[in-house]
Chemist: 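Here it is, the structure in full.
All figures in this text were calculated on a predicted structure; none of them were measured in a lab. Just the heavy atoms: all of them, side chains too, but no hydrogens, waters or symmetry mates, feed the values below.
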Amino acid sequence: MAKLSKRDQALLDRFHDDIQPRMYDYFGAKLTRKRTGEEGVTFRIWAPNAEAVAVVGDFNSWDPKRDRLHRVDDAGVWEGFVPGLTAGTGYKYCFTAPGGNTLLKMDPYGTRTSAPPQNDSVVEAPSAYVWQDAAWMEARQNFGHGRPINIYQVHLGSWRRHEDGSLYTYQELADTLPDYLARMGYNHLELMPIMEYSYDGAWGYRTTNYFSPTFRYGEPDGLRALIDRCHQLGIGVLMDWNIAHFPKEGYGLMDLDGGSCYEYSDPLKREHPQWDTRVFDYGREEVRSFLASNALYWLCEYHLDGLRLNNVSSMVYLDYGRESWEWTPNVRGGRENLEAIDFLRRLNEIVAEEAPGALMIAEEFGQFDKVTMPAKVGGLGFTHKWNVSWTGDMMAYFSLAPEYRAYSLDKLIFSASSAFVEDYILPLTHEEFVYGKRSLLEKFPGLEREKLAGLRSFFGFMMAFPGKKMSFMGCEFGQTSQWDYHSQLEWELLEDDAHEGAAHRATQACIADLNRVYAKNCPLWEDESNPQSFYWIDPGRTDPDIVSFARMDEEGDEVLVVCNFSNQPVRYRLGLPEEMTYTVIFDTDLERYGGSQTEENRKIPPVLREYGGFDQYAELDLAPYSVQYLRYDVQE
């Protein structure tokens, strides 16, 4: 075995024994200048099952006999120096597996990749990018829960494209996307996976190389510029992160060195039959270090502000997507994957310590208890959880014709009873607009004008309901077609000068104003973990198509919300908590949004008579499919 420095030996001892969260500094391909002045690349990889490892590429005619790596410890770490190599060199590892078979694989810690069919790892020079977001990164350390979060989810390949259908680069997106988000009033961007992936039709979720931004959008520094520009405009950047499973591409992590390395060796835990993918071995320290290091790599090296973990349920439940004979209980006799649960707790603790202020968001379907509670009280330690059941209920309710909505009022009312169980995000994601589910606009009943009014009323309700906000690109202007990753959004809807184009531009203006109203009014987001920050004024008792409720901040200031989900205008009495004149600070039915109301910021005086448990009430005219927000006028 090659001789190691004391520092490297100590690092590897820890690597095999416990989670080490910055192993990307050690493993991979590193440009090196030796003391003799000789320049080249040092390669390091963990391959515990391999009998031999070599690095190959065009530089050595893909000959595994020429540039062999040497084992440097008894637990499978290999290292070698190849002189003369420079940044931009493509390479793979050639493993000799037990039994003598040879395998060509990408570098698990490689930070750049080439396009198919080569699928090579590429030696990358240290980035010379000069960040301009120091103020943001310093402020991020003190970010807490009591702030507005309004997320715009984007698939970079289909947000915008060039006229010839070619993709925008990271740099071109940096010049356009952040400014659009700022104009629209979003304060977070969520990127569907941009780590290197194998199949466009999986939208980035079949990750083949976890440390490399996909080649599809150009240079890594362009991605840094996109994130940097967002930060300069006060916009955080999140990324979808799939560590629930990985694909079985031959050049990827599957059977990396001829045996189970990154995946479980247990055949009842190794694969997800639902997706035909492999499952990470969450109990193996080297794998845990790989995953934790990957999280910090994106949060620290690329300044991302959070990760959204895809399908956490499949990680924490052994029986997820499996028949009864396809899994075995844990040592306690239960269905929980204890190793994955322990890993997620440790991961979230590490992120909180190493990247304070970063968001860790779980997509969890199985009603796992205390997802957003700290590990010390039995939780998983995530900062937020997607409220997927809320989304399902809302899509079911708003898809109904108005005459049937009264019979499904419970979908609106009962959702409030569980709104404070976790720190939720209300997710309107890409998953709602694929596989025949139609666009958001087409889910609403009626003719075009009614559909657009219905969309505005849905967003009016969503933005006032407890939970942070998230919506998918194109929903904000009423895209008509189901999302298609092959092409850009229907921006032409906004460019049409006819009635249709004006209607979509009006809807876009409504959502932009609503986003700003949300950010400006702290009762809508400040005290979101407190059940006392929400109460029903009228949960459909007076009229099952009309609900009203209040949101309250820590000082007791309130925003009152009134929703008419029927297709008829209604004269409505709203019980008022204060004997004061109220102002309608937002109305989805304004004429400039495509509605009929011409008067903005209307004053609503109280009627001093008991009504609905309050000492006074207001008389409101509610348009069909409309939502109004009211605040009392502090100057009265």
Chemist: Hey, are R22 and Y24 close enough side-chain-wise for a donor-acceptor pair under 3.5 Å?
Modeler: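 There is such a pair between these side chains.
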
Chemist: Are the side chains of D240 and N242 in contact, using a 4.5 Å heavy-atom criterion?
Modeler: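 No, their side chains stay 4.5 Å or more apart.
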
Chemist: Report yes or no: do Q20 and Y26 form a side-chain donor-acceptor pair below 3.5 Å?
Modeler: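 Judged by distance alone, the side chains do not pair up.
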
Chemist: Could you verify whether a donor N or O on one side chain and an acceptor N or O on the other, from T391 and E432, lie under 3.5 Å apart?
Modeler: no

Chemist: Between E196 and R112, is the closest basic N to carboxylate O distance under 4.0 Å?
Modeler: no

Chemist: Determine the sole option in Y168, Y152, Y180 for which the side-chain hydrogen bond (donor to acceptor under 3.5 Å, both in side chains) test with W159 is passed.
Modeler: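 The side-chain hydrogen bond (donor to acceptor under 3.5 Å, both in side chains) with W159 is passed solely by Y152 among Y168, Y152, Y180.
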
Chemist: Over 60° means perpendicular and under 30° means parallel, so classify the ring planes of F461 and F465, tilted if in between.
Modeler: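 Geometry flag for F461 against F465: tilted rings.
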
Chemist: Compute whether any side-chain donor of one residue and acceptor of the other, for H486 and D484, lie under 3.5 angstrom apart.
Modeler: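 On atom types as modelled, these side chains qualify, holding a pair under 3.5 Å.
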
Chemist: Is it the case that D221 and S127 place a side-chain donor and acceptor less than 3.5 Å from each other?
Modeler: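 S127 and D221 do have a side-chain donor-acceptor pair below 3.5 Å.
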
Chemist: Consider ring pair (Phe, Tyr, Trp, His ring centres under 6.0 Å). Of F15, F290, W46, which one does F27 pass it with?
Modeler: F15

Chemist: Would you tell me whether D587 and S626 have side-chain atoms, one donor and one acceptor, within less than 3.5 Å of each other?
Modeler: no

Chemist: What about W491 and F477, are their ring centers closer than 6.0 Å?
Modeler: yes

Chemist: Taking atom types as modelled and ignoring hydrogens, do the side chains of E364 and S313 form a donor-acceptor contact shorter than 3.5 angstrom?
Modeler: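 Side chains of E364 and S313: pair found under 3.5 Å.
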
Chemist: Compute the centroid of each ring, for F472 and then for W483, and state whether the two points are separated by less than 6.0 Å.
Modeler: yes

Chemist: Salt-bridge test for R229 and D175: reply yes if a basic N is under 4.0 Å from a carboxylate O, no otherwise.
Modeler: no

Chemist: Should E526 and R551 count as an ion pair when the cut-off is N to O under 4.0 Å?
Modeler: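 A salt bridge is absent here (no side-chain N lies under 4.0 Å from a carboxylate O).
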
Chemist: State which residues pass ring pair (Phe, Tyr, Trp, His ring centres under 6.0 Å) with W298; sequence neighbours excluded, sorted by chain then number.
Modeler: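 Expected list: Y302.
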
Chemist: Taking the side chain as C-beta and beyond, is there a heavy-atom pair between P427 and E363 under 4.5 Å?
Modeler: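 P427 vs E363: side chains apart.
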
Chemist: Within the 4.5 Å heavy-atom criterion, are I149 and H188 side-chain neighbours or not?
Modeler: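 I149 vs H188: side chains touch.
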
Chemist: So do Y629 and L514 actually touch side chain to side chain, heavy atoms under 4.5 Å?
Modeler: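 Touching, per the 4.5 Å side-chain cut-off.
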
Chemist: Does the pair E219/R224 count as a salt bridge with the N-to-O cut at 4.0 Å?
Modeler: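 No.
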
Chemist: Using modelled atom types only, decide if a donor and an acceptor are shared between the side chain of T277 and the backbone of H245 within a distance under 3.5 Å.
Modeler: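 Not a single qualifying donor-acceptor pair exists.
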
Chemist: Can the ring centroids of Y91 and F43 be said to lie less than 6.0 angstrom from one another?
Modeler: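 So the answer is yes for these two rings.
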
Chemist: Is the H430 to Y205 ring centre distance short of 6.0 Å?
Modeler: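 Yes - the distance between ring centres of H430 and Y205 falls below the 6.0 Å cut-off.
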
Chemist: Do T207 side-chain atoms and M195 backbone N/O form a donor-acceptor pair below 3.5 Å?
Modeler: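 Absent.
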
Chemist: Could you tell me whether the side chains of H162 and E172 share a donor-acceptor contact shorter than 3.5 Å?
Modeler: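 Yes, E172 and H162 have a side-chain donor paired with an acceptor closer than 3.5 Å.
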
Chemist: Assign the ring pair H384 / H145 to parallel, tilted or perpendicular, where the plane angle (0 to 90°) is split at 30° and 60°.
Modeler: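 H384 and H145: parallel rings.
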
Chemist: Can a donor-acceptor pair be found between the side chains of W136 and D305 at a distance below 3.5 Å?
Modeler: yes

Chemist: Would you check if there is a donor-acceptor pair between the side chains of T429 and Q153 at a distance under 3.5 Å?
Modeler: no

Chemist: Between Y217 and Y170, is the ring centre distance below 6.0 Å?
Modeler: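 Ring centroids of Y217 and Y170 are less than 6.0 Å from each other.
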
